[in-house]
Amino acid sequence: MPQKAQEIAEQVKAQLGSVDGISHIEAVKGYLNVYFKTSDYARRVVDEVINSGEDFGRGAKKSEKVMVEYAQPNTHHSFHIGHARNTVLGESLARLVEYAGFETIRAAYPGDLGLGVITVMWIYEKFYKGQEPAGIHERGQWLAKLYVEATSLLEKKDNETPEETAKREGYETERREMYRKWDAGDDYVRKLWHETREWSLEELRDVLQMLDVKMDVWFYESEVDEPSKAIVDELIAKDIATDERPQGGAVIVKIDEKLGLTKEKYRTNVILRSDGTTLYLTKDLALAKVKFEQYHVDRSIYVVDVRQSMHFQQAFAILKLWGFPQAEKCYHLGYGFISLPEGAMSARRGRVVLFKDVADEAVKRVLSLETERSADIPASEREKIASQIGLGALVYSMLSVDNNKDIVFDINEALSFDGRTGPYIQNAHVRANSILKKAGSQTFQPDHLPIFNYDLTKNEIELIEQISRFPQAVQQAAEEYRPLVMASYTYELANTFHSFYHAVNVMQTEDENTRNARLRLVAAAKQTLANALHLLDIQAPDVM
RNA sequence: GCCUCCGUAGCUCAAUGGAUAGAGCAACUGCCUUCUAAGCAGUAGGUUGUGGGUUCGAAACCCGCCGGAGGCGCCA
């Protein structure tokens, strides 16, 4: 029998009576509001933060092992802003699940084979061998330029003269021949491949370092290519895959039929081309097997563009048919793609915004702001802080939008330093630090801790409440695989701190106990901000 | 044709069945000899695309419609 929420709340209130540590209880609009005694509550929260330090909010160890796969750019291209969204999302998620208590493995999976790779190798070998620039990023970006040029040379054009057509077709033949040699393991082509691939990987490693990402495992598409062929045979033997090669077809999996579904859902997909070569899906199946059997992964998370959601649904369904119970805990964290105001990015046409260019611009903008606002920061530290702030702005702009949302990249928005941004949060951390710095290094003996027995202001109570919510924000973000939850929480915390900062002047507080209690609160806020920023892959500078 | 996601303030976005739907940007009003104003306090801005349904209670769940994006056996 339905009952009005308000009536229930009133009944519960009446039954509770008075409880130790609770000041009073209200039943309002169907809610039961329980008010803690501020002095007890404040002490509990602040003590816990300060005693736990960097571990405040860390969840209890969980038995499952999680692997997060992200950073899967193709080699022989350059790292663009879309890859940055992927990497930042993946890293933040990895930090969150790890902090929530899961043993966590970070995995990169660069695409180092395929026609795009061969195309770059072809033009390099034909026209540019030995002309590569020396700098890591210059060289990586140069490969991307070669790709654009090669694509243009190989593309059929309107109004071609017969000579042009013959030339283009000649190029195409050379490219195919190179692909064939690569596939056959030709020494020269393989050496060329290794050398050029390494240039891309060097650039990738440098970008990951800039983003403070430390991968545990590096998978390469080329390494699962061969093993995945054996998997095709296994799936045929288990009657999961259907071999249509005798009829001149491919090897396919009729997923719906095998699952006994009558309605079309996963459809049918090819796992081996009729010419015997593997596909994206084939390799992902092989890689999943490695993850489950060699790395003992219980939960496998794939941070990949949302356009591949069908691919992953199919892959997970096949893994289930194959008999892997972990298939139930495979999760595709899809994210919307980043486009430009003038349209989609295209590596083919060279219409991309490179991550490095944006990062450089970010540093430049912060540096010019610093000379105007923070003249006291020594020149030697400025560059480092500028990079922390600039990247903080960029990273936060990517994490503060839900992952299923597409983003039209606007550099002025991404590098904004005002309002709901990374620097706003970092600034709260800096302000907390400057109060503590001014107070000097004060430590309190456990039996002489300041006590919160004065009338706390509204701002102090709100700050304490916000700090106390951090551990559950960690758990929620990790359970839902959503860094956005942490991004939102962290902004709220910074916002609460900024308000407190203005309303309460800590160092001018006359009463010594009250001032010391407030200093402890500031220290707790600083710690919580630092912990939260870390989970967002954003640095927490002490000055800015 | 089928599937997935989306539609919330002028713009960009939050809010996963609970209180008066919140932020930022843009606009407007105040606040720097103070722990750095990358900030704070405030004003204004909403029939949550639309029509039904479920519920004590719906932006959220269900059904229809309108509009947008993406995907659907030998690309990745």
Side-chain angles (χ1 to χ4, degrees), chain A residues 2-8 28-31 33 72 74 111 113-116 221 242 244 249-255 263-284 304-311 313-314 334 336-337 339 366 369-370 372-377 389 393 397 400-402 404-408 410 412-413 416-428 430-439 476 480 482 484-485 487-488 491-492 494-495 497-509 518-519 522 543-544:
Chain A
Q3 209 174 0
K4 290 259 191 265
Q6 176 61 18
E7 291 170 15
I8 299 172
V28 182
K29 291 180 184 175
Y31 284 83
N33 293 334
Q72 314 98 329
N74 287 330
L113 50 71
L115 191 60
E221 265 192 87
T242 310
E244 294 185 337
V251 179
I252 62 171
V253 181
K254 296 175 181 171
I255 308 171
K263 265 177 65 182
E264 184 177 65
K265 183 167 183 191
Y266 299 103
R267 298 167 184 257
T268 295
N269 210 349
V270 174
I271 57 168
L272 196 72
R273 288 192 188 96
S274 43
D275 67 1
T277 56
T278 68
L279 289 127
Y280 185 38
L281 182 58
T282 328
K283 284 171 272 209
D284 252 333
V304 183
D305 188 332
V306 74
R307 282 175 289 193
Q308 273 140 56
S309 56
M310 177 64 116
H311 161 82
Q313 280 189 48
Q314 293 178 330
F337 56 89
S339 61
V366 182
L369 208 58
E370 271 182 3
E372 149 194 339
R373 297 186 193 173
S374 313
D376 50 326
I377 297 177
I389 306 297
S397 78
S400 61
V401 179
D402 211 351
N404 63 16
K405 228 101 186 175
D406 292 342
I407 295 179
V408 178
D410 176 339
N412 293 320
E413 239 169 71
S416 165
F417 307 138
D418 301 321
R420 199 176 193 283
T421 64
Y424 173 93
I425 300 165
Q426 290 170 313
N427 190 34
V430 165
R431 285 177 147 184
N433 182 65
S434 73
I435 294 173
L436 297 172
K437 198 168 65 185
K438 187 165 182 181
Q476 192 197 340
E480 297 177 5
R482 280 177 63 206
L484 168 67
V485 169
S488 300
Y491 171 74
E492 293 301 325
N495 181 240
F497 183 80
H498 277 304
S499 299
F500 160 83
Y501 178 91
H502 276 270
V504 180
N505 193 313
V506 175
M507 292 313 289
Q508 284 181 14
T509 305
R518 285 176 172 166
L519 279 171
V522 170
V543 289
M544 66 188 274

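Worth knowing before you read on, the calculation uses all heavy atoms, side chains too, and leaves out hydrogens, waters and symmetry mates. In what follows, chains are A, B, ... by sequence order, proteins preceding strands, each numbered from 1. As the structure is a prediction and not an experimental result, all values here were calculated from the model.
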Let's see if you can work this out: which of B:U16, B:C74, B:A14 has an atom nearest to the side-chain heavy atoms of A:Ser274? B:C74
Ignoring hydrogens and angles, answer whether the base of B:C40 and the side-chain atoms of A:Ser499 contain a donor-acceptor pair closer than 3.5 Å. no
Interface polar pairs with nucleotides 67-72 of chain B, N/O, under 3.5 angstrom:
from	atom 1	to	atom 2	distance (Å)
B:C72	O2'	A:Arg267	NE	3.3
B:C72	O2'	A:Arg267	NH1	3.0
B:C72	O2	A:Arg267	NH1	3.3
B:C72	O2	A:Arg267	NH2	3.2

Pairs counted only when both distances fall under 3.5 Å, Watson-Crick or G-U: show me the 5' to 3' dot-bracket for RNA chain B, [ ] for pseudoknotted crossings and | for other-strand partners. (((((((..((((....[...)))).(((((.......))))).....(((((..]....))))))))))))....
Please determine if A:Arg307 forms a cation-pi arrangement with A:Phe337, meaning its NZ or CZ atom is less than 6.0 Å from the six-membered ring centre and no more than 45° off the ring axis. yes
Looking at residues at least two apart in the chain, or sitting in another chain, which of them share a ring-ring contact (aromatic ring centres under 6.0 Å, His included) with A:Tyr424? A:Tyr491, A:His498
Using a cut-off of 4.0 Å on non-hydrogen atoms, how would the nucleic acid contact of A:Asp410 be classed: base, sugar-phosphate, or nothing? nothing
Which part of the nucleic acid does A:Tyr424 contact within heavy-atom distance under 4.0 Å: base, sugar-phosphate only, or nothing? sugar-phosphate
May I ask you to verify if any side-chain N or O of A:Tyr501 is less than 4.0 angstrom from the OP1 or OP2 atom of B:A37? yes
Given B:G73, B:A38, B:G39, which nucleotide is nearest the side-chain atoms of A:Ile252? B:G73
If you check every side-chain atom of A:Pro423, which of B:A76, B:A38, B:A14 has the closest atom? B:A38
Please tabulate the protein-to-nucleotide N/O contacts below 3.5 Å involving nucleotides 22-30 of chain B, giving atom names and distances.
from	atom 1	to	atom 2	distance (Å)
B:A23	O2'	A:Tyr491	OH	3.3

Taking atom C1' in both B:G70 and B:C63, compute the distance separating them and give it to the nearest angstrom. 24 Å
The side chain of A:Val270 is closest to which nucleotide in this list: B:C74, B:U36, B:G73? B:G73
Would you check, one step at a time, whether the test side-chain contact (heavy atoms from CB on, under 4.5 Å) holds for A:Asn404 with A:Val306? CA-CA 7 Å; A:Asn404 63 16; A:Val306 74; 5.8 Å; no
Nucleotide nearest A:Leu369 when distance is taken to its side chain, options B:U34, B:A38, B:C74: B:A38
Think A:Ser374 has a side-chain N or O under 4.0 angstrom from the OP1 or OP2 of B:U36? no
Within the structure shown, what part of the strands sits under 4.0 Å from A:Asn505 by heavy-atom distance: base, sugar-phosphate, or nothing? base
Run the ring-ring contact (aromatic ring centres under 6.0 Å, His included) test against A:Phe417 and tell me which residues pass, sequence neighbours left out. none
Candidate nucleotides B:U12, B:A76, B:A37, ranked by approach to the side chain of A:Arg431 - the nearest: B:A37
ring-ring contact (aromatic ring centres under 6.0 Å, His included) filter on A:Tyr266, not counting sequence neighbours, yields none
